[in-house]
Asker: 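Here it is, the structure, as C-alpha cells.
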2 protein chains.
Amino acid sequence: MEQKVDTRGRILDIAEAAVLDKGFEATSIEEIVAGAEISRGGFFYHFKDKNALARAMLERYIETEDVLYDDLFARARELNDDPLHCMLIGLKLLAEMLEEMPQGHPGCVIASTAYQDRLFDEGVRELNRQAILGWRKRFRGMFEEIAAKYEPREPVNMDALGDMVSGVVEGGLVLQRALREHNNASEQIMLFRTYLKLLFAPKPN
Amino acid sequence: MEQKVDTRGRILDIAEAAVLDKGFEATSIEEIVAGAEISRGGFFYHFKDKNALARAMLERYIETEDVLYDDLFARARELNDDPLHCMLIGLKLLAEMLEEMPQGHPGCVIASTAYQDRLFDEGVRELNRQAILGWRKRFRGMFEEIAAKYEPREPVNMDALGDMVSGVVEGGLVLQRALREHNNASEQIMLFRTYLKLLFAPKPN
DNA sequence: CCTCCCCCTGTACCACGAGTACAGTTGACC
DNA sequence: GGTCAACTGTACTCGTGGTACAGGGGGAGG
C-alpha cells in the first residue's frame, strides 16, 4: 500500500539520521523537509507536530532494535545451544556489530530522548519506558535460564542484571559520544561479558 | 570578593536545577532570569550566550563531582586501607548516596550535554571529554593498584575498566530517567561491585 | 564631594524555528 | 467526471536567542 513513494518513511529516515547526529531539538523541520524534498505543509500533513514525529521515530526504532536482538541471539543459539554460551556469543556479536559501524554507532534514541524528556509528551515518555522494560524482560528471561543451569557465584537481582545490558550499552554510547572515540560501547559490552563468565562460572570443587 | 549577592552563582544554581530537570534546550533564558530575579540584560552581562552558561555550568559541575569522589574514596580509605576493599566500600557509599537523593539523582550533566552536543561549541565538548578522561585516569589508577595486589581472574583493559565506572553510572542514570524509577543507578553500581569482587577474588588454590 | 567603574535595568529590535490555517494542485482510482 | 489522499505554497503568529545600546545606582578612591 505504500510502495509508491512512502514520503512518511522518507521523513522518518532523514529525521532519524539527523536526530542521532545532532539531537532532537537541534534538528529543524526546515532541514527535514529539505532533505526529504517536500514542503513544510507536506511535513505537517504527516505529523501534526514534532511530538508526533518523535513518537513515530521511537516506535520504528524500538521495533528494528527488537528485531535486531531477536536475530542476533537466534544466530547465537544456532552456534551454541547452551544458554550461557548463547548469551556470550550474542554479546560478542553485538560488540562486533557496534565496532563495525564506520563512525561508531549513531547513539541510542532512547538515551537521547531520556535526557530531553520534557520536550516530549507523556506518550513519548511512556514508549521510552516500555522499550527499556521490554529489554529488561528479554534479558532477565535469558539470565534466568542461565542461572537455572549455572548457579551464580554471587547473588544478583535478575531484573537489575537484565537492565545492566541496556545500561552498559547506553552508558558506553554516552562515553563514545562524549569522548569521540569509536569503540567504547563494544569494549564495555566485552567487559560485561567477562562479568557474566565470572558470575556463572561452574564452581571449582 | 563576591559575598555580596553573587548573581552569577545564583544564575548557575537556577540554571543547573532547570537543566537537570528538563535538559538544556528546554530551559529558556527567560525562566532563568525570572528565577534569579534579574533582567535579561543582567544575564547577558554575565554570560555572553547560552554556550558560555553551559561551559560555566560544566566547569562547576565537574569540579564538585571531583571533590565528591575525592571525599568518598578518602572516607573509604579510612575505613579500610586495602585498595580492593577501599574500592568496594567507595562504590557502596556511592550507591547509598545515589539512593538517598529523594527523587533520585538529578542525572548527569555530562550525558545530557553529550546527547545534545551539536548545540554547543568546541569548548563545551572538550570540557565534557576531559571530565570523562579524568574519571578514567582516576579509576584506572585505583584498579591498577588493586591488580598489583590481586591478579585479575580474567584479562581486562584497565582504561576500559576505569571507563566502566562512569559508564555504569551514566547508563544507570539513563535507565532511571527513562523508567522513572529511583534506584536503578545504585543497583547498577552494586552489580558492578560484585563484578569487581569476582574479578579480583583471590584464586582458591 | 566628585568621579569612575562595576553591575546591573530597561527597551527596542532582528532572526529563526515551531505551529496554524487554508486555498489550491495533482494524480489515481472508481 | 468526480472524489479523495497526498501533497504545494503562502501568509501569519508566537516564543526564544541574541544584539545593541542608554542609562542608573552605589561603593571605592582621589
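Both backbone and side-chain heavy atoms feed into the values below; hydrogens, waters and symmetry mates do not.
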Asker: Calculate the interatomic distance between F24(A) atom CZ and dA18(C) atom C1'; express it in whole Å.
Answerer: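 Atom CZ in F24(A) sits about 11 Å away from atom C1' in dA18(C).
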Asker: Using whole Å, report how far CD1 of I29(B) lies from C1' of dT19(D).
Answerer: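 The answer, rounded to whole Å, is 12 Å.
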Asker: Could you give me the CA-CA distance, side-chain angles and deciding distance for Y195(B) and Y195(A), then say whether ring-ring contact (aromatic ring centres under 6.0 Å, His included) is met?
Answerer: CA-CA 6 Å; Y195(B) 179 18; Y195(A) 180 17; 4.8 Å; yes
Asker: What is the distance from CG of L119(A) to P of dG17(C), rounded to the nearest Å?
Answerer: 16 Å
Asker: Could you give the distance from NZ (K50(B)) to OG1 (T27(B)), rounded to the nearest 0.5 Å?
Answerer: 6.5 Å
Asker: Does the pair E78(B)/R75(B) count as a salt bridge with the N-to-O cut at 4.0 Å?
Answerer: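 Looking at R75(B) together with E78(B), the answer is no, because their closest N to O distance does not fall below 4.0 Å.
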Asker: So that I can tick it off, tell me whether D159(A) and K137(A) are bridged by a salt bridge, with the cut-off set at under 4.0 angstrom between side-chain N and carboxylate O.
Answerer: no
Asker: Give a yes or no on whether a salt bridge exists between R60(A) and E63(A), defined as a side-chain N under 4.0 angstrom from a carboxylate O.
Answerer: no
Asker: Grab the CG-P distance between D49(B) and dG18(D) for me, whole Å please.
Answerer: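 After rounding, the reported distance stands at 5 Å.
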Asker: Could you walk me through whether F192(A) and F192(B) pass the ring-ring contact (aromatic ring centres under 6.0 Å, His included) test, one step at a time?
Answerer: CA-CA 9 Å; F192(A) 177 64; F192(B) 178 65; over 10 Å; no
Asker: Is the distance between the ring centroids of Y69(B) and F139(B) under 6.0 Å?
Answerer: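 When the ring centroids of F139(B) and Y69(B) are compared, they turn out to be within the sub-6.0 Å range.
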Asker: Starting at atom CZ of F44(A), determine the distance to atom C1' of dA11(D), rounded to an integer number of angstrom.
Answerer: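 F44(A) atom CZ is separated from dA11(D) atom C1' by 14 Å.
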Asker: How close or far is atom P of dG19(C) from atom NZ of K48(A), stated in whole angstroms?
Answerer: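 Taking atom P of dG19(C) as the reference, NZ of K48(A) is at 9 Å.
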Asker: Does some side-chain heavy atom of L198(A) sit less than 4.5 Å from a side-chain heavy atom of R153(A)?
Answerer: no
Asker: Expected output is a numbered-order residue list: members of residues 31-40 of chain B with a heavy atom under 4.0 Å from any atom of DNA chain D. What is it?
Answerer: R40(B)
Asker: Could you give the CD-to-P distance, from E25(A) to dA18(C), as a whole number of Å?
Answerer: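 In whole Å, dA18(C) P and E25(A) CD are 8 Å from each other.
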Asker: How are the rings of F24(B) and F120(B) set to each other: parallel, tilted or perpendicular (split at 30° and 60°)?
Answerer: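 Judged by the thresholds at 30° and 60°, the geometry between F24(B) and F120(B) is perpendicular.
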Asker: Check the interface with nucleotides 4-6 of chain D: list each N/O to N/O pair with the protein under 3.5 Å, or write none.
Answerer:
{"from": "dA6(D)", "atom 1": "OP2", "to": "Y45(A)", "atom 2": "OH", "distance (Å)": "2.5"}

Asker: Between C1' on dT19(D) and NZ on K50(B), what's the gap in Å once rounded to a whole number?
Answerer: 17 Å
